[in-house]
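A short worksheet on the structure shown next.
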Amino acid sequence: MPELPEVETVARDLQPLILGKSITEVWWSGKKMRLPWTNSWDRALEGLIFTKVSRRAKWLVLHLAERGAGWDWTGGSALIAHLGMTGQLTFVRRGKEYELPKDHVHLRFGLVSSGKKANGLNEGLRRDFEAGELRFRDIRRFGGMAYAKDSAEVDLFFAKHRLGPEPWDCPLDGWLGALSGTKRLIKAVLLDQSVISGVGNIYADESLHAAGIHPCRMASSFNEAEGAKLLEMADSVMRKAIENRGSTIRDYVGGENLNGGHQNSLLIYGREGEACFRCGILVKRFVVAGRSSHFCPVCQKAPKDAGAKPVRQRRGPA
DNA sequence: ATGCAGTCCTGTAAGC
DNA sequence: TGCTTACAGGACTGCA
């Protein structure tokens, strides 16, 4: 499930692979995605050159320039992608297409080297100028891609989605204000992209565990130290996950179709019934804020009025 | 205005 | 063995 660290890994992988390449053709499966593709974008994209790959929260931004535009130019048009739950955005070298799964592929962008010498383009990043295709694959189609024809449209797109700051950009006073000003459980607040962006279910559980806070705590019950601690843990948990190239629970792959490595470092998510690494007590799982939530009943003390719905224990093999 | 439940979507695996 | 059903969850919609 791609969250900020997974999307950051895709961005870092893709940048050197597609930088300086131009789009020769666009193919769409015709299947409806969460972010609906529009046929008329195909013609507009042909001939455009990738100049930069960036990320905002869980969104990927593939910046494009018109042929002849300055190489250091990063404004202008862009392809914006969200990976949803099972989205994969990878660069596939020509001739290697059939080494990768071809089911559930919804968008393919044919790419060739622009043939231009780089003026100001970081030579170190251009390690590969082979032709190939940028491929969007998404089993559940909760993700999708959109084209924004200029920087104003890119800005409008992100304004519409009302993304809050990422953990490392989140001012403490704003965060504490958001906690005190809501009647929601802390788990729901962590997952609210307009309050703090980039955190999904996995890293919300990891952050709460690292901070020793139960997911059913009312956000408004936090004192300053608790709020600061949680923000600090969200920051460090995400940074470590980025270092490990994200977590592959099932379908996530980076921009080079490689699995992440952080799934082996998760301390609480997916560990129901296993011993807490800190205290040895068995990890529990409840549905909180409509999401499966993993926590340690000792390290993360439950509030007296915890109102989570118990989840039926999954039986292992007989 | 606020918060919650329901919805989408398909592969996987539990359970009968 | 084979079928049915529950589950995974990001972001949005609709309702109370």
Side-chain angles (χ1 to χ4, degrees), chain A residues 1-8 10 29-37 55-60 80-89 101-107 136-146 157-164 166 177-206 208 215-221 238 246-253 263 266 268-273 285-294 305-318:
Chain A
M1 295 125 226
E3 301 179 27
L4 188 154
E6 289 74 27
V7 179
E8 175 67 22
V10 173
S29 68
K31 287 278 185 74
K32 197 179 109 187
M33 293 173 275
R34 196 74 173 89
L35 217 54
W37 187 255
R55 177 194 57 72
R56 175 73 183 91
K58 302 176 194 172
W59 295 88
L60 278 161
I80 301 172
H82 198 294
L83 302 179
M85 286 188 61
T86 56
Q88 303 171 338
L89 193 63
K102 55 181 187 286
D103 55 342
H104 305 296
V105 173
H106 297 298
L107 286 166
F136 181 76
R137 177 173 185 259
D138 190 353
I139 296 167
R140 285 177 228 182
R141 287 185 272 142
F142 274 26
M145 294 182 80
F157 184 93
F158 284 110
K160 205 182 84 179
H161 288 275
R162 299 189 187 286
L163 294 169
E166 296 175 5
L179 295 183
S180 60
T182 182
K183 292 179 175 175
R184 288 185 288 173
L185 304 178
I186 187 59
K187 176 72 185 259
V189 177
L190 270 177
L191 294 176
D192 184 341
Q193 301 300 299
S194 70
V195 175
I196 188 165
S197 65
V199 182
N201 202 41
I202 296 172
Y203 299 113
D205 282 6
E206 292 293 316
L208 286 167
C216 292
R217 279 279 302 281
M218 291 292 291
S220 56
S221 75
M238 302 275 253
S247 306
T248 297
I249 304 297
R250 183 163 293 172
D251 297 296
Y252 163 74
V253 294
Q263 61 279 5
L266 297 176
I268 196 80
Y269 182 86
R271 302 195 60 247
E272 183 187 16
R285 182 171 68 102
F286 284 172
V287 171
V288 182
R291 293 291 169 249
S292 186
S293 301
H294 309 74
D305 56 350
K309 297 172 190 168
V311 176
R312 188 163 20 111
Q313 186 84 25
R314 273 186 269 201
R315 284 177 221 168

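Here is the naming used below: chain letters follow the sequence lines, and residue numbers restart at 1 for every chain. Because only heavy atoms are used, hydrogens play no part in the values below, and waters and symmetry mates are left out as well, while side chains stay in. Since this is a predicted model, take the numbers as computed values, not measurements.
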It should be established whether A:His161 places a side-chain nitrogen or oxygen under 4.0 Å from OP1 or OP2 of nucleotide C:dG10. no
For DNA chain B, what is the dot-bracket line, given that a base pair needs Watson-Crick (N1 to N3, plus N6-O4 or O6-N4) or G-U wobble (N1-O2 and O6-N3) geometry with both distances under 3.5 Å, and | means paired with another strand? .|||||||||||||||
Please pick, from C:dG10, B:dC9, C:dC7, the nucleotide with the shortest atom-to-atom distance to any side-chain atom of A:Arg141. B:dC9
Could you walk me through whether A:His106 and A:Trp37 pass the ring pair (Phe, Tyr, Trp, His ring centres under 6.0 Å) check? CA-CA 9 Å; A:His106 297 298; A:Trp37 187 255; over 10 Å; no
Using the side-chain hydrogen bond (donor to acceptor under 3.5 Å, both in side chains) rule, take A:Thr86 and A:Arg140 through it: C-alpha gap first, then chi angles, then the decisive distance, then the call. CA-CA 6 Å; A:Thr86 56; A:Arg140 285 177 228 182; 4.8 Å; no
Partners passing side chain to side chain donor-acceptor pair (under 3.5 Å) against A:Glu206 (at least two apart in sequence or in another chain): none
A:Arg140 has an atom CZ; how far is it from atom P of C:dC12, in whole Å? 18 Å
OP1 or OP2 of B:dC4 under 4.0 Å from side-chain N/O of A:Lys183: no
Please give, in whole Å, the distance from B:dG3 C1' to A:Met218 CE? 10 Å
Rounded off to whole Å, could you give me the CG-to-C1' distance for the A:Asn201 and C:dA8 pair? 9 Å
To the nearest angstrom, how far is A:Asp138 atom CG from C:dA8 atom P? 19 Å
In whole angstrom, what separates A:Lys160's NZ from C:dG10's P? 19 Å
Which residue, A:Gly181 or A:His104, contacts DNA chain B at a nucleotide closer to its 5' end, judged by nearest heavy atom? A:Gly181
When you check the phosphate oxygens OP1 and OP2 of C:dA11, does a side-chain N or O of A:Arg34 lie under 4.0 Å from one of them? no
Separation of B:dT12 atom P from A:Met85 atom CE, nearest Å, is 13 Å
Out of B:dG11, B:dC4, C:dG10, which has the shortest distance to the side chain of A:Ile139? B:dG11
Check the pair A:Arg184 / A:Val195 against side-chain contact (heavy atoms from CB on, under 4.5 Å), numbers first and verdict last. CA-CA 12 Å; A:Arg184 288 185 288 173; A:Val195 175; 4.1 Å; yes
Between A:Arg34 and A:Asp138, is there a side-chain N and carboxylate O pair less than 4.0 Å apart? no
Using only side-chain N and O atoms of A:Gln193, determine if any of them is under 4.0 Å from OP1 or OP2 of C:dG10. no
Check every strand shown and say whether A:Thr182 touches a base, only sugar-phosphate, or nothing at a heavy-atom separation below 4.0 Å. sugar-phosphate
Given the rule in the side-chain contact (heavy atoms from CB on, under 4.5 Å) test, do A:Leu266 and A:Arg271 qualify, once you have shown the distances and angles that lead to the verdict? CA-CA 8 Å; A:Leu266 297 176; A:Arg271 302 195 60 247; 5.6 Å; no
Is the base of C:dA8 touched by the side chain of A:Arg291 through a donor-acceptor pair closer than 3.5 angstrom? no
Rounded to whole Å, the CZ-P distance (A:Arg162 to B:dT2) equals 12 Å
note: A:Lys187, atom NZ; B:dC4, atom P; distance rounded to Å ~ 13 Å
Name the orientation class of the two ring planes belonging to A:Trp59 and A:Phe157 (parallel below 30°, tilted from 30 to 60°, perpendicular beyond 60°). perpendicular
